[in-house]
There are 2 protein chains.
Amino acid sequence: MSDLLERLRGRGWRLTAQRRVVAEVLDGDHVHYTADEVHALAAERLPEISRATVYNTLGELVSLGEVIEVSTDGRAKRYDPNAHRAHQHLVCGRCGTIRDVHPSGDPLADLPAQERFGFSISTVEVTYRGLCPDCAA
Amino acid sequence: MSDLLERLRGRGWRLTAQRRVVAEVLDGDHVHYTADEVHALAAERLPEISRATVYNTLGELVSLGEVIEVSTDGRAKRYDPNAHRAHQHLVCGRCGTIRDVHPSGDPLADLPAQERFGFSISTVEVTYRGLCPDCAA
DNA sequence: TCTTGACTTAGACAATGTCCAATGTAGGAT
DNA sequence: ATCCTACATTGGACATTGTCTAAGTCAAGA
């Protein structure tokens, strides 16, 4: 995590207590939290942190490419700190849990040129939907 | 479209003016509208139609499998009437346009069993993001 | 045509996210 | 070490999208 904080400082980030706490919350786990969950977890350490700051900080981390924003459904976006390794998502349609999985091929190769309609494609997202073991039971 | 209305009636749908208009709006175009856009277009023909009815009807069409719900970003869901044919989406990150494209392989085959973590997977969504020819210019 | 249960409506409410003016502060300048 | 100031934070109002409910309405079978 000090890596992340160093990278951010190198990019001219002003290092505040709030930003540090948000970054630490995201770094802790392979779970992908919603903005509200990040806020709640951050507030455990820094009770007066505001929602606006959490939203701002998450947005900054996303535009710096340190975190990926995942919209799995019509619910709240989730934030995926694992931005540096190619991966895809497994989503439980019942409880909303998201897990990272790792692809065995390059999905972009599956789209023939004549199906690209002149688009310049920069990313491909693959989402597998189903039920996690707990919800299936 | 009369096909769709017939199918719906066959499934016990009560055929009201509101439902007919919503189905017609969806059928009209290859564009994928948001619920609000559907409401606006439906209201051109049936001015008193309420938002709740549009949401209800869209939800029913989705659970009947006649329409697919697409969340491309954190914004409003869009409704894709092209549910009968397997396809994926090409999304312009600038203007939000969505185009349907057609896969050449089965993306589910790319996920090895040991990466499924016990999930029972029912669908796979693939989204290609980039810029459409107009926005790239 | 009559009846009935499914459908529609308006608007309150909920969840998530954005914006702004006032206030606070990190870190360079002195 | 202290001061400045541009950048960051705050709280709350507001916006967008979607859900729910109670009361009225209507499609379609008897």
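All chains are named by letter (A, B, ...) in the order of the sequence lines, taking the proteins before the strands, and each is independently numbered beginning at 1. Given the structure is predicted, the values throughout are model-derived calculations rather than measurements.
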Taking the side chain as C-beta and beyond, is there a heavy-atom pair between [X] and [Y] under 4.5 Å?
X	Y	value
A:Gln88	A:His102	no
A:Arg11	A:Leu64	yes
B:Tyr128	A:Glu125	no
A:Val22	A:Ile49	yes
B:Glu60	B:Glu66	no

Give the rounded distance in Å between these two atoms: [atom1] of [X] and [atom2] of [N].
X	N	atom1	atom2	result
A:Leu15	D:dC7	CG	P	17 Å
A:Leu58	C:dG17	CG	C1'	12 Å
A:Leu46	C:dT25	CG	P	11 Å
B:Arg9	C:dC7	CZ	C1'	16 Å
A:His39	D:dT9	NE2	P	12 Å
A:Glu69	C:dG17	CD	P	8 Å
B:Asn56	D:dA22	CG	P	15 Å
B:Tyr55	C:dC7	OH	C1'	19 Å

Nearest to the side chain of [X], which nucleotide is it out of [options]?
X	options	value
A:Arg19	D:dT9, D:dG11, C:dG27	D:dT9
A:Arg14	D:dT9, C:dA26, D:dA27	C:dA26
B:Glu48	C:dA10, D:dG11, D:dA6	C:dA10

Query raised in the report: Looking at five pairs on each end of the helix from C:dT1-D:dA30 to C:dT30-D:dA1, what is the angle between the two axes, given to 10 degrees?
Result: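 One end axis against the other gives 20°.
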Requested in this report: Take B:Glu37 and B:Arg78, measure what side-chain contact (heavy atoms from CB on, under 4.5 Å) needs, and give me the verdict at the end.
Outcome: CA-CA 9 Å; B:Glu37 287 166 350; B:Arg78 289 172 182 271; 3.7 Å; yes
Query raised in the report: Contact class for B:Arg51 (heavy atom, under 4.0 Å): base, sugar-phosphate, or nothing?
Result: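 The answer is base, as B:Arg51 lies within the cut-off (heavy atoms under 4.0 Å) of a base atom.
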Closer than 4.0 Å, any side-chain N/O of [X] to the OP1 or OP2 of [N]?
X	N	value
A:Thr16	D:dT9	yes
A:Gln18	C:dG24	no
B:Ser50	C:dA10	no

**Report entry** Closest-nucleotide ordering on DNA chain C, the 5'-leading residue of B:Ala52 and A:Thr34
**Finding:**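 So the residue in question is B:Ala52.
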Query raised in the report: Taking for each residue the nucleotide of DNA chain D bearing the nearest heavy atom, is the 5' side occupied by B:Tyr79 or by B:Ala17?
Result: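 Of the two residues, B:Tyr79 wins.
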Requested in this report: Check for a donor-acceptor pair, side chain of A:Arg20 on one end and backbone N or O of A:Leu5 on the other, with a separation under 3.5 Å.
Outcome: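 Looks like no, no N/O pair under 3.5 Å.
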